[in-house]
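Worksheet: the structure to be examined is printed underneath.
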Amino acid sequence: MTKNLVNEYRRRFLAGLGLMVGATLLPELSNTQAADVTARPENEPASSHKRWGMLIDVKRLTDGGAAMVAACQHEHGWGHDPQASAEQQAQWMRVVKVTDKQTLHSFSLPVMCQHCEKPPCVDVCPTGASMKRADGIVYVNKHTCIGCRYCMMACPYKARSFVHEPLKDQKPHSPRGIGTVESCNLCVHRIDKGQLPACVEAAPHAVIFGDLQDPDSRISQALKASGGTQIRADLGLNPQVYYLNI
Amino acid sequence: MSNKAIVYSEVQQSGWGYYGVLMAGMALVGLGLIAFFYLEHTGHYVTGMNNQIVWGLPHVFAIFLIVAASGILNIGSIGTVFNNKAYQPLGRLSGLLAISCLIGGLMVLVLDLGRPDRLIIAMTHYNFKSIFAWNIILYNGFLALVGLYVWAMMDHKIQYLYKPVGFAAFFWRLVLTAGTGSIFGFLVAREAYDSAIFAPLFILISFALGLALFILISYVLFTGAQRVLSKDLLKRKRYLLALFMGAVLFFEAIFHITALYAAEHSHFEQFILSGASGYSLWFWLGHIVLGSIVPLCLLLLPWWREQVSSLLGAAALVVMGSFIQLYVIIIGGQAYPLTLFPNATVESSFFDGVIHTYTPTVWELMLGVGGVGVTLVMIMIGVKVLRFLPVSLATAASGDIE
Amino acid sequence: MSAIFKTLKPLLVLLAGVWILVGCEAGPPPTNLAPAKAKAAQCVEPTADIRKNHMAYLMQHRDATVLAGIRSKQYSLVECINCHVDPKRADGSAVHYEDRDHFCASCHTYVGVKIDCFQCHADRPELANQTNYQHKLGSAESYHFSHQLGTPAVLSLQDLQTITSGGVQ
């Protein structure tokens, strides 16, 4: 009998410990997003002293990231180009369902441009249209994109889409057009104004966004405390998007 | 120069044969232009290409012609660089064919761009880390060097340039084909590519394909213009073609065996070599059996090897086989999904984890054959207005045809 | 006779060309720009300067924005469109760059200069009440309003009514 009491005590102790840890983590992950991005004066260029990154806790994403994808679609207006077939439709961000081949353990996560430190899409682009900004955001300068699609061949995350038809009534802050390649730009227009990317705003309890170069930022602290996994880290591209619990 | 005794002249024929081929070439160019303007107007949604198979049939045509261009120049290089006198009279023609094929291929590549109107940007904005940007320089340099090479063969005033420019052109074409192969070799993301062997493999494909195309085109031109080809030379080309084909198969085998051995590539290899998809069938039947084994038999087995028709048949099969080989490399390589998570299956609305399908539309075919048409028209006009074709290659020793 | 005609033919063609050229009007064409939506008294630069150099300003600003992330409003294309283009005509139909009454097209078709800004960029401001178009109309933080050029800093009720009803001024 005493043995059982000990076990019970252990269980209670462990549960209490877990709750305490959870309680310390929880406020970190919720509702304190406001200070993560600060507005930059409008005539000041992006600084290489910042490196924007994202930490997505897959367990907290009850919908697997569907709300994040919807927010992205709403913000940038992709996904309903009238002529394109399903295979030709642009997709800046998608929910990927992953099932382990042995254990059949399954989870879903949102996948978009991972904003690599050494992006292959930037290396292969003949005109330099595929570019990385000083603060680490990777996107296409559509003014010099000739539509060769070599970056789409080079991206390991399948993050890029090609616009297959003439478009109208794009979002003024997010130009998209025929014959050019496009991808997640980390909502660069919002970051410059001191706002969070649309997808981050759509999942405040599961995603931390911030400056990876600032050791005191929430994202740096969270990565320090709980680690984080990059997709295809074996390729050595050092993506800026980290995932928890995958 | 050693080929002083050789007399060159323009093609004299102006009958239906000549103009028929010229018109056919122009008709193909017309088809290509129609497809281009249509694509430029509507966008690429009318093609079979999509966000999974981003490079399609036009790219197969373009790379086929570009690889052929560098290979065809070998005929001239054998005469110049390796000082083989029997090949020297064909140097001019080899230069013309090389330039024609390259321009045809580049036209397809450029007209398939999403924004062909911005070609000037490709010429003014260079990212020197990109193998694509290097290829733009390599293609332009190739055109300039081969142009100079042909000029040095035709104009006695700059004959002293013949050797140095010939050497430079040979070196340049090796780098160019290595660059074309590296477009695929440098793609770390894709299991199908990501291998340094693509550079030498493409060089060898160019050797075999270029020679086979040269055999076919020169035979048609010589017989059409009622001129005599040296039987001796045809025999030499037979052995050379067999040798090049053997080399292609050797590198291809190394590539596939290495990939099969490496666990991370083995799934893709199984897909290409034994998958249920059509690509395995294309690979084995089109490239290996019809494109390699049958022509090798035609070239080497004692019953057939002495006949000109078996050489021509073998050359035609090699051309076809190379096209299929490039199709399997380019399209088959993209059809296999990217690996996001090793040891896990993935699915999404963006076709993650599924074999991608590709059905080319007529527009892509028209654009591709448009490039072939450009090549054809340039060759036909070239031999008509300038002295590319030798009047006769007959030698007393070898008892030549006719 | 035909020999004389043959020698004179180039000359005749030349004369015909000169005659056609003489028939053209001299001097710059009258500007017949489409009306601006909520136009300030003055553009971000003097009108003559803007007419001559708007493309240079836009090009420079474009590279500064895309490459470096500079987001100043003075030469922003979005602000040009917000101020100069009415999203709808009086009958409620949309105004696009292909139409001759689009502000940019009204001059660009006249001078025969093709631009490809609007293959990617929106060619009219977003309408708040349209489902496709969720956001602002003529942002209140635009260059004109923040720099007090001409119009009052805050839109009058009448201005707002004109804008939201989509009427052409």
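In this text the structure is predicted, and so the values were computed from the model without any measurement. Chain letters run A, B, ... following the sequence lines, proteins first and then strands; every chain starts at 1.
- Around atom CE of C:Met55, more than 12 heavy atoms belonging to other residues, nucleotides or ligands sit under 6.0 Å away.
- Interface remark: C:Leu67 contributes backbone and side-chain atoms alike to the contact with chain A (heavy atom separation under 4.5 Å).
- Across A:Ser174, A:Gly177, A:Ala134, A:Gly179, the residue that shares the most heavy-atom pairs under 4.5 angstrom with chain C is A:Gly177.
- In this structure, the side chains of C:Glu98 and A:Lys168 come closer than 4.5 Å at one or more pairs of heavy atoms.
- Atom OG1 in C:Thr65 sits 8.5 Å away from atom NE2 in A:His143 (nearest 0.5 Å).
- Taking CD of A:Glu44 as the reference point, atom CZ of C:Arg71 lies at 14.0 Å (rounded to 0.5 Å).
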> Checking side-chain contact (heavy atoms from CB on, under 4.5 Å) for the pair C:Asp123/A:Asp169: CA distance, chi angles, key distance, verdict?
Replying inline: CA-CA 7 Å; C:Asp123 55 8; A:Asp169 285 343; 4.2 Å; yes
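- Side-chain contact between C:Val78 and A:His173 is absent, with no heavy-atom pair separated by less than 4.5 Å.
- If you measure heavy-atom distances from A:Asn141 to chain C, the contacts under 4.5 Å come from both the backbone and the side chain.
- For chain C, no part of A:His80 is nearby; none of its heavy atoms comes within less than 4.5 Å.
- At least one donor-acceptor pair closer than 3.5 Å links the side chain of A:Arg40 to the backbone N or O of C:Gly69.
- Annotation: side chain to side chain donor-acceptor pair (under 3.5 Å) contacts of A:Gln91 (sequence neighbours excluded): B:Ser349.
- Within the 4.5 angstrom heavy-atom criterion, no atom of A:Val163 approaches chain C.
- In this structure, CD on A:Gln170 lies 7.0 Å from SG on C:Cys120, to the nearest 0.5 angstrom.
- With sequence neighbours excluded, no residue satisfies side chain to side chain donor-acceptor pair (under 3.5 Å) with A:Tyr150.
- Across all non-hydrogen atoms, the minimal contact from C:Ser72 to A:Asn43 is CB-CB, 4.4 Å.
- Interatomic distance, CG of A:Leu167 versus NE2 of C:His121, reported as 13.0 Å (0.5 Å rounding).
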